[in-house]
Amino acid sequence: MQDNVVAERLDAVVSRLSERAVDGYYNPYQLFKWPDSIPEDAPWMSEELLSCYGTAIWKELSTDERIRLSHWEAVNFYGLNVHLIRDLMLEVLRRIHTSRYPSVSEFFHHFLGEENEHMWFFAQFCNRYGHKLYEDKRLPFEATEWSDPNVRDLVVFCRILVAEEIVDFLNTWMSKDGNLPPIVRQINAIHHQDESRHIGFGRQMVTTLWAAASDAIDDAQREALQSYLGRYVLFTLHALYNPAVYRDAGVPDPYGMRSRLLADPERSAFHYRVTAKVSDFLDRINLVPRDSLQL
Amino acid sequence: MKSDEITGIQVILDFLRSKNPKLGEDLDPDLDLIDSRIIDSLAFVEFIFVLEAASGREISVDNVSVDDFRTIRSISRRFLDGAD
């Protein structure tokens with residue numbers, strides 16, 4: 001990037017985070033003791049995090065139906081992690097050891113290694129206990145709207161940060177939920193532990209890129225950027241509402257259920273809670289005003 | 001044109017107009033929805049679900065390409081059993 005601004009400002013942070021990654025290194029292939037099965041009569045995802053919690057639909061469901069839904073929503077959540085990680089790894093791979101990020105590449109190695117391992121254990125959960133991964137319904141579109149390299153990279157690292165912060169809210173919650181099977185709590189706890197470093201990096205990266213990009217764009221571009229990022233936050237939240245999950249859970253009208261849930265004010269309130277930290281951050285650095293978010 | 005297809009197209013038009021309130025009543029069936037940014041990457045998944053609901057079939061994105069979604073005509077042909 002111009003004048004290696006990113007390298008200079010990120011040096012201290014990535015150096016510290018790289019050391020912590022080395023000190024905290026673990027072998028995920030040995031760490032987890034995967035049980036052959038996990039209880040079918042217990043939830044696999046915290047009920048407070050289920051996509052219909054707090055709504056009229058939730059009240060209509062029996063205990064058995066709620067538990068069945070929690071199984072498929074868990075498989076969806078970890079599958080979503082797999083898809084998000086694949087995307088972010090591709091973006092970081094495009095940037096490692098390039099001239100724009102000479103001092104960050106060392107950390108990118110740790111980042112990619114850890115994300116690869118996260119993707120492995122999330123996929124393990126889906127395939128062992130759900131016997132499937134839900135399909136990623138996105139198609140790659142040409143991202144032509146951001147011509148300035150600083151803005152383009154800002155969008156990429158902002159997307160990564162938003163996804164990580166939303167996922168981390170759920171991970172933190174489930175790592176402490178005694179109603180969940182131990183392997184579920186462990187997966188969530190381990191992911192939260194690593195993601196705290198990745199989020200620390202992401203915030204520094206976004207702050208630095210925004211400082212470099214903000215002078216290069218005019219008001220119209222700034223407005224377009226804010227609008228896009230606000231929509232991306234909502235887009236990520238909406239991935240938690242998967243009609244295929246509802247179909248597997250026995251819901252007769254999965255698309256209708258999704259529409260009803262997304263229109264429910266209770267779900268909007270949940271979205272604001274899940275994104276409170278990242279919204280505060282984006283507002284604080286004057287990138288996305290909090291009151292512009294429509295969740 | 002079959003009645004199911006007409007209903008499906010209407011659902012799609014309603015969705016596109018809900019996302020783009022400035023769209024007029026007459027939408028050219030050959031207008032490129034992607035290049036004109038009527039559908040972008042963030043609206044795409046939502047659009048897939050609308051199409052699945054309208055067609056009654058799940059769509060695997062492994063078996064489609066962006067070009068299948070470029071125009072009302074290509075969408076109709078690919079997902080709603082519409083002829084050219």
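Here is how names work: the chains are called A, B, and so on, in the same order as the sequence lines, proteins then strands, and each is numbered from 1.
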Problem set entry | Toward chain B, the part of A:Asp253 with a non-hydrogen atom under 4.5 Å | neither
Problem set entry | Region of B:Phe49 in contact with chain A, defined by heavy-atom distances below 4.5 Å | both
Problem set entry | Which portion of A:Tyr232 sits near chain B, non-hydrogen atoms under 4.5 angstrom | both
For this session: Examine A:Arg231 relative to A:Phe235 and say whether NZ or CZ is less than 6.0 Å from the centre of the six-membered ring and inside a 45° cone about the ring axis.
Result: no
Exercise. Just by distance, with hydrogens left out, do A:Ser279 and A:Tyr272 show a side-chain donor and acceptor under 3.5 Å apart?
Worked result: no
Seminar exercise, completed: Answer key: most heavy-atom pairs under 4.5 Å with chain B among A:Arg138, A:Arg247, A:Arg258 is A:Arg258
Problem set entry | Side-chain H-bond candidate by donor/acceptor type, A:Arg260 with A:Tyr255, under 3.5 Å | no
Problem set entry | Basic-acidic side-chain contact under 4.0 Å: A:Asp136, A:Arg86 | yes
For this session: Mark yes when over 12 heavy atoms from residues, nucleotides or ligands other than A:Glu223 sit less than 6.0 Å from its CD; otherwise mark no.
Result: no
Exercise. Under a 4.5 Å heavy-atom cut-off, does chain A meet the side chain of B:Ser65, its backbone, both or neither?
Worked result: backbone
Problem set entry | Options B:Val66, B:Ile48, B:Asp40, ranked by heavy-atom pairs under 4.5 Å with chain A, top entry | B:Asp40
